[in-house]
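Worksheet: one structure, shown below.
What you see is a predicted model; the values in this text were computed from it and never measured. Position 1 is the first residue of the sequence; numbering continues from there. Remember, it's 1-based here, ligands and their atoms both numbered in the order they're listed.
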Amino acid sequence: MKSRTILSVVASAFVQEVLSAALGKAPKFATVVSPRDVADTEYDFIIAGGGISGLTVADRLTEDPSINVLVIETGGFDQNEDFVLVPGSFFPVPYMWLPLLSVPQPALNNKVFNIPAGKVVGGGSVVNGMVYVRPSKEELKAWELLGATGWDWNDLLPYYKKSETFTPPDPAFAAAANFSFDPSVHGTSGPVKASFPNFYFEGSRNWFQAAISSGLKAAGDPMAGDATGVIFIPSVVNGETRTRSHARISHYTPVQSRPNYHILDSHTVSKVLFNAQKKAIGVEYLPTAGGQTLTAHAKKEVLLAAGAIHTPQILQLSGVGPKKLLEKFSIPVVADLPGVGANFHDQPSIIIPYNVTNNIHPNVGTLNEDPAYDAAQRALYDTSKTGPYVLTRGLSSNLALPPLCKTTSKCHSILASAALTNPFKYLPEATHPTVKAGYALQRSMILGQLAGDKVPVSMIHWDTANSVRMYFFKPLSRGTVQIGSTDPRQTPLIDPRTNSDPVDEELILASFLKNREIMNQPTMAVLNPLEAAPFSNSVTDEAQLKRILAEVAEPSSAHQCCTAAMMPKLLGGVVDSKMRVYDVSGLRVIDTSFWPMVLTAAPTATTYASGEKIADAIKAAYGLL
Ligand SMILES: Cc1cc2nc3c(=O)[nH]c(=O)nc-3n(C[C@H](O)[C@H](O)[C@H](O)COP(=O)(O)OP(=O)(O)OC[C@H]3O[C@@H](n4cnc5c(N)ncnc54)[C@H](O)[C@@H]3O)c2cc1C
Ligand SMILES: *[C@@H]1O[C@H](CO)[C@@H](O)[C@H](O)[C@H]1NC(C)=O
Ligand SMILES: *[C@@H]1O[C@H](CO)[C@@H](O)[C@H](O)[C@H]1NC(C)=O
């Protein structure tokens, strides 16, 4: 805010409030608004989607009392249920998009999959697994080389720190659990509360030791820019209360009395409106349950934060996307951007069921099998904030993140043959030449990362009971998100094209065999973990294993991204390094759609940090506080 003092702004806001209250207009405090309030307000910024990115940016922009912001969110508000707040009571299914179905996946036996995503004020942060990690420095370097200028590790670190308040672990506990804490990379006063759990199951020791004896290193602080090794899992959990810290709690609830911060929940943005100069001037929206289409006006900008599935849908419905697709639906072309909805990827995952016949008890399974144990642990959590309930239900405390060459001795031959393949061979047939050019660069960078020891190929998690879950971090396959109808309430055609590039099958197989190696180390072998159907330890034939892996693989780890990439237009990019959509004005994409390539890490930490960074960029552009 430039000329007026805060006091006079507050005073004039107060006068306006009294006036508008008298006229029956805007609500007294900000706040949850109705379409009627929206119709009576001229907003500076309208944000489509109230997830991690949307709420982070809305919070920061409304720090300036002269700026008013409307967030429109498809979902409603959570009610502080245990299944949202208490890690041991996780899983908030009611706040997800269900169903959000993919198209049939040819490389996965033509099956259709649900694509997990949050649909609630707070978005993914209300429903996610609370794993809170950052990528390797190398991966952000690759973003920069792809054209995301100013998004290197050193650029993002101040924003990672700004976004969080990290409660340091008890040093004796950290030493016993084999991890360390580097205060120089953590924040002490940000809105998002994060911590390390203060509990692990005994079986985690066996697994940790096994992962180490399989050749992996113990990671130090997993958030310091090297994402490889065996880590103790940091979580987006408040270190004092041991409850989930999600975006509604960190970026809305504490500031909801700001009269300039409005949320319209249970409404869906259907379209961005442009004027004749192709400047975004507002949005069309409708009740999520169906009903009349309404409009809202933005004086400065429209910011898209609807997530990597729905942001490209909104762009395409608005006439910003591949010309051919828009013409197919008779949508007037505002900007022909072939990259909108291209470059879609996520991280495929599998679950390997086990029968651990000589396991250590209690383990995570005991919570489900023994109601008395479960009740006692819940009581321990309520009174002392420790025990299994501090861990996300179903998760243990450790993850292994091996680089490819610590995963398989075949790493160089896999990479050499991948490098000899025509990079365009497995892209969708009609891929635009600019998108192809961007992909060719991405592919060579991924192969480079996989040849080194700084970027993991996968993530391995044993839950301490009967299940291993694996995540495949570096897929070469690329999918698409395209409208299949002009009805904004219809799910777009989501095509992850998982394993369309056969190199991905090799990477999955190598990672699977690495898990076997870990399970065969002495400290795990004593527990006698037996692979259960459809796997079996007796199956060693690689072709047969690939068939089983295709049977169990899922396209998603809920890490969807990259459908409006921050790359040059000539490389199929959609936004510039300030997240501004090419060929139009007043429009940015601020959610994980802007990522050029998926990162090793689960997205949350980087999404909060990028929200902070873009809020600063927008403030600078308008000379705000
Ligand atoms: C089940 C699950 C588990 C996960 N586990 C982890 C984890 O452990 N660690 C981690 O780091 N990440 C995890 N993630 C991923 C992480 O939560 C997401 O990557 C992150 O939330 C993405 O942030 P975003 O701002 O891009 O989108 P989101 O947070 O998804 O927000 C997008 C919002 O936009 C809304 N929206 C969509 N379309 C419209 C529209 N047309 N109009 C208005 N609003 C709209 C959606 O309802 C949603 O609330 C998980 C996600 C899920 C679903
Ligand atoms: C930490 O490492 C030591 C030595 O490798 C091992 O004995 C111990 O069990 C580990 N602790 C945990 C919690 O993994
Ligand atoms: C697990 O293995 C034990 C011992 O071999 C066997 O008795 C039991 O039936 C198996 N359980 C399952 C679920 O396969």
Worksheet item: Looking only at atom types and distance, does a side-chain atom of Gln347 sit under 3.5 Å from a main-chain N or O of Phe473, one as donor and one as acceptor?
Response: yes
Worksheet entry | Rounded distance (nearest 0.5 Å) linking atom OG of Ser204 with atom CZ of Phe232 | 7.5 Å
Practice prompt. Kindly determine whether Phe179 and Phe196 satisfy ring pair (Phe, Tyr, Trp, His ring centres under 6.0 Å), including the steps that lead there.
Written response: CA-CA 10 Å; Phe179 71 95; Phe196 287 98; 4.2 Å; yes
Worksheet item: Just which atoms of ligand 1 are under 4.0 Å from any heavy atom in Trp97?
Response: 37 (C), 38 (N), 46 (C), 47 (O)
Fill in: Donor-acceptor under 3.5 Å (Asp346 side chain, Ser557 main chain)
yes
Discussion item. If we set the cut-off at 4.0 Å for heavy atoms, which region of Gln560 has an atom near ligand 1: side chain, backbone, both, or neither?
Written reply: neither
Item to complete: Check Leu527 against Val356 and note the closest heavy-atom contact, atom names and distance.
Response: O-CG1, 3.3 Å
Discussion item. Within the structure, is a non-hydrogen atom of Tyr285 found at a distance of less than 4.0 Å from ligand 1?
Written reply: no
Fill in: Rounded distance (nearest 0.5 Å) linking atom CG of Asn528 with atom OG1 of Thr357
3.5 Å
Discussion item. Just to be sure I read this right, does ligand 1 sit under 4.0 Å from the backbone of Thr607, its side chain, both, or neither, counting only heavy atoms?
Written reply: side chain
Item to complete: Starting from atom 13 (C) of ligand 1, find the nearest protein heavy-atom neighbour and note its residue, name and distance.
Response: Asn128 CB, 3.5 Å
Practice prompt. Using a strict 4.0 Å threshold on nitrogen-to-oxygen distance, state whether Arg469 and Asp463 make a salt bridge.
Written response: no
Fill in: Ion pair Glu164/Lys161, N-O distance below 4.0 Å
no
Discussion item. Whether Glu517 and Lys406 form a salt bridge (side-chain N of Lys/Arg under 4.0 Å from carboxylate O of Asp/Glu) is what I want to check.
Written reply: no
Worksheet item: Can you find an N or O of Thr357 that's nearer than 3.5 Å to an N or O of ligand 3?
Response: no
Item to complete: Examine the side chains of Thr268 and Thr288 and answer whether a donor and an acceptor come within less than 3.5 Å of each other.
Response: yes
Practice prompt. Look at atom 22 (C) of ligand 1 and say which protein heavy atom is nearest, naming residue and atom and giving the distance to 0.1 Å.
Written response: Thr592 CG2, 3.9 Å
Response to the item:
re atom 45 (C) of ligand 1, the protein heavy-atom contact at minimum distance is Thr74 OG1, 3.0 Å
Worksheet entry | Identity and distance of the protein heavy atom lying nearest atom 5 (N) of ligand 1 | Gly129 N, 3.0 Å
Worksheet item: For the residue pair Tyr159 and Trp151, is the inter-centroid distance of their aromatic rings smaller than 6.0 Å?
Response: no
Practice prompt. Would you mind telling me if ligand 1 is within reach of the side chain of Thr392, the backbone, both or neither, using heavy atoms under 4.0 Å?
Written response: neither
Discussion item. For ligand 1 and Thr604, I'd like to know whether there is a polar contact (N/O to N/O, distance under 3.5 Å).
Written reply: yes
Worksheet item: Nearest non-hydrogen atom to atom 37 (C) of ligand 1 belongs to which of Cys561, Ser270, Ala601, Ala306?
Response: Ala306
Response to the item:
Residue pairs passing the salt bridge (Lys or Arg N to Asp or Glu O under 4.0 Å) test with at least one member in residues 51-62, sequence neighbours excluded, are Asp59-Arg258, Arg60-Glu63, Arg60-Glu612
Item to complete: Measure the distance from atom 9 (N) of ligand 1 to every protein heavy atom, then report the residue, atom name and distance (to 0.1 Å) of the closest one.
Response: Val131 O, 2.8 Å
Worksheet entry | Contacting atoms of ligand 1, where contact means under 4.0 angstrom from a heavy atom of Val127 | 1 (C), 53 (C)
Worksheet entry | Gap separating the CG atom of Leu395 from the CD1 atom of Ile233, nearest 0.5 angstrom | 5.5 Å
Fill in: Amino acids contacting ligand 2, non-hydrogen cut-off under 4.0 Å
Ala176, Ala177, Asn178, Tyr200, Arg205, Phe208, Gln209
Worksheet item: Side chain or backbone of Ala117 under 4.0 Å from ligand 1, or both, or neither, by non-hydrogen atoms?
Response: backbone
Discussion item. Below a 4.0 angstrom heavy-atom separation, can you tell me which part of Val236, side chain or backbone, both or neither, approaches ligand 1?
Written reply: neither
Item to complete: Working to the nearest 0.5 Å, report the span between CG of Asn520 and CG of Asn537.
Response: 7.0 Å
Worksheet item: ligand 1 versus Tyr132, non-hydrogen atoms closer than 4.0 Å: side chain, backbone, both, neither?
Response: neither
Worksheet item: Do any nitrogen or oxygen atoms of Phe91 lie less than 3.5 angstrom from nitrogen or oxygen atoms of ligand 1?
Response: no
Item to complete: Closest by any non-hydrogen atom to atom 15 (C) of ligand 1: pick that one out of Gly75, Ala558, Ser266.
Response: Ala558
Worksheet item: Ile212 versus Val230: any side-chain heavy-atom pair under 4.5 Å?
Response: yes
Worksheet item: Nearest non-hydrogen atom to atom 46 (C) of ligand 1 belongs to which of Gly123, Gly49, Gly307, Gly118?
Response: Gly118
Worksheet entry | Part of Ala305 with heavy atoms under 4.0 Å of ligand 1, whether side chain, backbone, both or neither | backbone
Discussion item. What protein heavy atom lies closest to atom 30 (O) of ligand 1? Include the residue and the distance to one decimal.
Written reply: Gly124 N, 3.7 Å
Practice prompt. Determine whether the aromatic ring centres of Trp153 and Tyr160 lie less than 6.0 Å apart.
Written response: yes
Worksheet item: Under 4.0 Å from any heavy atom of Pro116, which atoms of ligand 1 are there?
Response: 53 (C)
Item to complete: Answer with yes or no after comparing the ring centroid distance for His262 and Tyr43 against a 6.0 Å cut-off, counting only values under it.
Response: yes
Discussion item. Tell me if the NZ atom of Lys162 is crowded by more than 12 foreign heavy atoms within 6.0 Å.
Written reply: yes
Item to complete: Find the distance between CG (Leu140) and CH2 (Trp595) and round it off to the nearest 0.5 Å.
Response: 9.0 Å
Worksheet entry | Protein residue, atom and distance nearest to atom 33 (C) of ligand 1, heavy-atom basis | Glu73 OE1, 3.6 Å
Worksheet entry | Nearest neighbour of atom 24 (P) of ligand 1 from the list Pro92, Gly51, Ser53, on a heavy-atom basis | Ser53
Worksheet item: Which bit of His310 is near ligand 1, meaning a heavy atom under 4.0 Å away: side chain, backbone, both or neither?
Response: side chain
Item to complete: Give the residue and atom name of whichever protein heavy atom lies nearest to atom 41 (N) of ligand 1, and the separation in Å to one decimal.
Response: Val269 O, 3.0 Å
